[in-house]
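Notes follow once the structure below has been shown.
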Amino acid sequence: LAAKDAASKLPDLEVVDQVIKTTAEQLGRSNVRREKFLNLQYAIRKTDLQVLGMIAIWWLSRGEAVMRFCEVLPILLWIWNEEEHALFKTATSFKFHFMLYLLADVLFVLNNLSMKFQDRTVDLTTVAATVDDACSALKQRYVTPVGRFGEFKQSRLAPFLKKHASTEKRVLVIEGVDAEGNTVMDTVPLHDEPIGKGALYGTSPEECYDLAKVFAQGLIDALDSRLDDLKMVDGANLFRPKKYPLLHTGKREKYWSDNLDLLFKLFDYKLPGVGKDACDADIGMLTNTLLKRHEN
């Protein structure tokens, strides 16, 4: 939902959704197209990966669909170059690839965060750190990067940008087979022409960087807002010193006590000798220690 909030303000990103959706629908409807795609893929890579559809409200599925699409795009481009000129034109845009790999990288972070919350057991003392780590990663990679835009080990965007740093070498590799059935690779140029409707940003690398910064910051803000609406996360802010109100001690202690009370009610926690009153007695020492560590 946080990703949906951030993306809804950037119509530019809808192009990626639409291309993946159209591709999945075409291959799903036509046995001829699907078999051609799978046969070509098997001849080149000995794999038979399907293009996954995206469920609009399920962002975990979107992450899987985007990452799968990245895998098979060179083969799709070979087919589109011959049969689907509109899709080929869109998918050979620098901006399209930038947005595709940006989404793949961002959804990789969000999927990991989502899976943490779906674990069989969730350690409340690490919930805040997990959220903060995700927001910090997004900020460092896209909002305030220093010469290493989007760079991390599993990134798809960083190697793409590194490869196409020079405007003279912006070409894509596409994969196919020749008339004799031999595997071949070819290159096609990346273009800077406009794609999609209602775009807020142009197609130059600089404008793509600006788009990424706005999307990442919007996502960070949406994560903060959305997660604060969850009672479990709200209660877990007890272990998140950056959320402590920077007010006088009395206000701070009420904030801590309210969060502790929320956790006890949420989990109906009952254990002999470990009631809320006993925890209240130690809460000041615990939270002051966390606050000093955070400030240092």
Cluster membership besides Val173, Ile/Leu/Val/Met/Phe/Trp/Tyr side chains within less than 4.5 angstrom, sorted by chain and number, is Met185
Any pair counted as salt bridge (Lys or Arg N to Asp or Glu O under 4.0 Å), so long as it reaches residues 67-80, sequence neighbours left out = Glu71-Arg156
Relative to each other, are the rings of Trp80 and Phe69 parallel, tilted or perpendicular (30° and 60° limits)?
-> tilted
Would you please say whether a donor-acceptor pair under 3.5 Å links the side chains of Ser204 and Glu207?
-> yes
Is the backbone of Lys89 close enough, under 3.5 Å, to the side chain of Ser93 for a donor and an acceptor to pair up by distance?
-> no
Closest non-hydrogen atoms of Gly28 and Arg34, given as atom of the first, atom of the second and distance, are O-NH1, 3.4 Å
Decide whether Ser136 and Gln140 meet the rule of one side-chain donor and one side-chain acceptor closer than 3.5 Å.
-> yes
Report yes if the side chains of Leu38 and Gln50 come closer than 4.5 Å at any heavy-atom pair, otherwise no.
-> yes
Identify, with sequence neighbours excluded, every residue that meets ring-ring contact (aromatic ring centres under 6.0 Å, His included) alongside Tyr101.
-> His97, Phe160
Indicate yes or no for a side-chain donor-acceptor contact from Asn81 to the backbone of Leu77 under 3.5 Å, with no hydrogens or angles considered.
-> no
Report the relative orientation of the aromatic rings in Tyr209 and Phe149; use parallel for angles under 30°, tilted for 30 to 60°, perpendicular for over 60°.
-> tilted
Donor-acceptor under 3.5 Å (Gln41 side chain, Leu49 main chain) | yes
Between Ala199 and Asp12, what is the shortest heavy-atom contact and its length?
-> CB-OD2, 3.3 Å
Report yes if some heavy atom in the side chain of Asp133 is under 4.5 Å from a heavy atom in the side chain of Leu113; otherwise report no.
-> no
